[in-house]
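Presented below is the structure to which this report refers.
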Protein chains: 2
Amino acid sequence: MVVTIRDVARATGVSISTVSRALANPEQVAEATRVHVQETARTMGYRPNRAARGLVTGRTGSIGLVVPDLENPFFGSICKGVQARARAAGYAVFIADTDEDPLLEDEVVRGLTKQVDGVILCSPRGSDEAVGRVAEDSSLVLVNRTLAGVPSITFDNGGGARAVMRHLVALGHRTIAYAAGPITSWSNRERDTALRDFAEQSNDVELIELGSFPPVFSGGTQAADLALASGATAIVAFNDLVAAGLVDRLRHRGITVPTDISVTGFDNVPMSTLVWPNLTTVDFPRIQMGRASVDALLDTVLGRRKEPRPNLEIPVELVVRQSTGVLPASRAASA
Amino acid sequence: MVVTIRDVARATGVSISTVSRALANPEQVAEATRVHVQETARTMGYRPNRAARGLVTGRTGSIGLVVPDLENPFFGSICKGVQARARAAGYAVFIADTDEDPLLEDEVVRGLTKQVDGVILCSPRGSDEAVGRVAEDSSLVLVNRTLAGVPSITFDNGGGARAVMRHLVALGHRTIAYAAGPITSWSNRERDTALRDFAEQSNDVELIELGSFPPVFSGGTQAADLALASGATAIVAFNDLVAAGLVDRLRHRGITVPTDISVTGFDNVPMSTLVWPNLTTVDFPRIQMGRASVDALLDTVLGRRKEPRPNLEIPVELVVRQSTGVLPASRAASA
DNA sequence: CTGAAAGCGCTTACAG
DNA sequence: CTGAAAGCGCTTACAG
């Protein structure tokens, strides 16, 4: 039922070697033969068996993509970018969801490594040691984190955090709270450090660290009361979900955003324009990151690049919407 | 660098046949040999090359998953379910995003079919003919749509629609509007039919069809003004995004949900609890659907089931939240 | 420019 | 219970 190279050879009257060449290295075959073979292959619906090809070439034509949670739209977008670019390059994509479990991640990557030419790993949780070990026996590109000696792509978290601070300061805010994400999160550390450095370098801005919260809606609910008690006039949330939780809890406490207090997020997930007020946030071009990670992987897999390219940082952009406003006059004195 | 069955055979002092058996069919090998081989294989970090195995067995150990849009959380959840169940069954998952393009879908499925044992196809857009043709030369399971002779899994859209109607009628509503989704959408047709049938069978309920809208936030924005003009006291939206757009536009028009008018969605996406008021909606257990689709595929691929199982319908559940309320007294007369 | 042959890493009748 | 051999569908030196 399924047509093989042998069927095409028989139908064309040439050897399987010639069929193989006509399809994979057309320039090695006489024009007449080439055309005939290609034509026949197409009408017969022949598609080379990739597994068989991979066995001899050592290339599978597939890449692996490992993400912590497919349900999270952040990773969904990355998948989309990876998928699109991989297809354009003729690669198929294996996907694996690690459920935020570092052990599962390790197991999954190892299971995948034989079946693919390289792996794109979105691993916010795994330890440096675990990731480093994996990098030894497979071509790896890290997304959203760095590790010495391993190519990676990250967003410019620091730049985003500074843009947020500049924006809030321009609106008159001087006492700013940060509702941090998981301490194990690389993104969180980058943002936190940039926020703190910014505050230290401007002598009249105070940064209040509210603590670490789950990176979800209820994390924001928790953080809201602490933020109010802290006396901050603006709250920087670890991400949009936390920001949404903050806004919701503040409303229940009778506080209006942005009239009474300003709130910002990170990520610019679609939801950020669905809550009211629309969230001021930092846009992370996730599809672009997905595409870039495929390029980086193919660079190393195909040996297209001689000098190692340790990390590529993707610029991000502040998106100002309705959740930030000028410092309320009544609070100006407290600053 | 990579360890093959030959390396294990050499290290163990047996033939590669025995190594193969000890690993794949342990009961065919003497206990002592089996233990020794298994032990050695493990310490050497041997993993059978799936491509090579597939070449001889005719089974790839992989399945394909084709979705219209990975960025859409609805499909992200399905992916997650598919992924989890596939891994549990020892299968790897190829993923493909068709960008809502029926032509690309066809091409992608054909490209995949050689590399996998079967395909799970989430294809709300492709024509019956196109899908039928694909079904001929690959093991297929359809998600969220049916087609004669092809196994499929769907949600009980009709049951969900009826539950919504019963709920609204119990709250006193008699004039109910439907903001429909794309007319090409199978889910939309199912919901629409059930809503209409329900209205026809109860002699005092009127269903007003507002027309077809894009299944996104702005679709709801469009529908809101039509709904208001229609005189309906409750609006059933095609999905949660449309419902969110409706609520938002109604607020801008000075209408309060649910005091003045009730709104419901479908899907129960995470966002439905982030908008205010939280949406009354119909929960679709998407992860469960992902898992069920893998089971259905393996049933046919592995021939585990003799009689064909044409369609499995997954029950759904009404989730009552804050966007629906009793019919306002001022409007009771108009019903 | 083309074909015969070897071989990629495995599984599985077939003998013993 | 175990091994030698054939073969899955391809690619690629090696001859010609």
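Labels below follow one simple rule: chain letters A, B, ... track the order of the sequence lines, proteins then strands, and each chain is numbered from 1.
Side-chain atoms of A:Val14 lie closest to C:dG3 of the nucleotides C:dG9, C:dT2, C:dG3. The side chain of B:Tyr46 sits closest to C:dC10 out of C:dT11, C:dT2, C:dC10. With D:dC10, D:dT2, C:dT11 as the candidates, the nucleotide lying closest to the side chain of A:Arg6 is D:dC10. For A:Ile5, the side-chain atoms get nearest to D:dT11 when compared with the rest of C:dC10, D:dT11, C:dC8. Distance from the side chain of B:Ala24 is smallest to C:dT11 among C:dT11, D:dC10, C:dT2.
Dashed line: the shortest gap from a side-chain N or O of B:Ser20 to OP1 or OP2 of C:dC10 is not under 4.0 Å. The phosphate of C:dG3 (OP1 or OP2) has no side-chain N or O of A:Ser17 nearer than 4.0 angstrom. Considering only side-chain N and O atoms, A:Thr18 lies under 4.0 angstrom from the phosphate OP1 or OP2 of C:dG3.
As judged by a 4.0 angstrom heavy-atom cut-off over every strand, A:Thr4 is placed among residues touching the sugar-phosphate backbone only. Note on A:Thr57: only backbone sugar-phosphate atoms sit closer than 4.0 angstrom, heavy atoms only; bases stay farther off.
Rounded to a whole Å, the CD atom of B:Glu31 is 17 Å from the C1' atom of D:dT2. In this structure, B:Arg53 atom CZ and C:dC8 atom P are separated by 19 Å, rounded to whole Å. For the pair A:Glu27 CD and C:dC1 P, the interatomic distance rounds to 10 Å; values are reported in whole Å. Here D:dC10 presents its P atom at 13 Å from CZ of A:Arg50, a figure rounded to the nearest Å. Rounding to whole angstrom units, CG of residue A:Asn49 and P of C:dC8 are separated by 18 Å. Rounding to whole angstrom units, CG of residue B:Asn25 and P of C:dT12 are separated by 7 Å. Rounded to whole Å, atom C1' of D:dG9 lies 9 Å from atom NZ of B:Lys114. Look at CZ on A:Arg10: it is 15 Å from C1' on D:dC10, rounded to the nearest Å.
Summarising the base pairing, D:dC1 is matched to C:dG16 through a Watson-Crick or G-U wobble pair whose two defining distances lie under 3.5 Å.
The existence of a salt bridge linking A:Arg145 and A:Asp128 is confirmed by a sub-4.0 Å separation between a basic side-chain nitrogen and an acidic carboxylate oxygen. A salt bridge is defined here as a Lys NZ or Arg NE, NH1 or NH2 lying under 4.0 Å from an Asp or Glu carboxylate O, and B:Arg291 with B:Asp295 fails to meet this definition.
Across the C1' atoms, C:dG16 and C:dT12 are found 16 Å apart, a figure rounded to whole Å.
DNA chain D is contacted by both B:Thr33 and B:Val56; B:Thr33 maps to the nucleotide lying nearer its 5′ end (nearest heavy atom per residue). Comparing B:Ala52 and B:Arg21 by the nucleotide of DNA chain D that holds the closest heavy atom to each, the one mapping nearer the 5' end is B:Arg21.
Side-chain atoms of A:Thr146 and A:Asn311 include no donor-acceptor pair closer than 3.5 Å. Counted by atom type alone, B:Asp117 and B:Thr60 present one or more donor-acceptor pairs between their side chains at under 3.5 Å.
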*Report the C-alpha distance between A:Lys80 and B:Asp99 in whole Å, list the side-chain angles of each, state the deciding distance to 0.1 Å, and finish with yes or no for salt bridge (Lys or Arg N to Asp or Glu O under 4.0 Å).*
CA-CA 9 Å; A:Lys80 196 177 177 81; B:Asp99 248 335; 3.0 Å; yes
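Between A:Phe284 and A:Phe155, the ring planes are perpendicular. Angles over 60° get that label, and only those under 30° would be called parallel.
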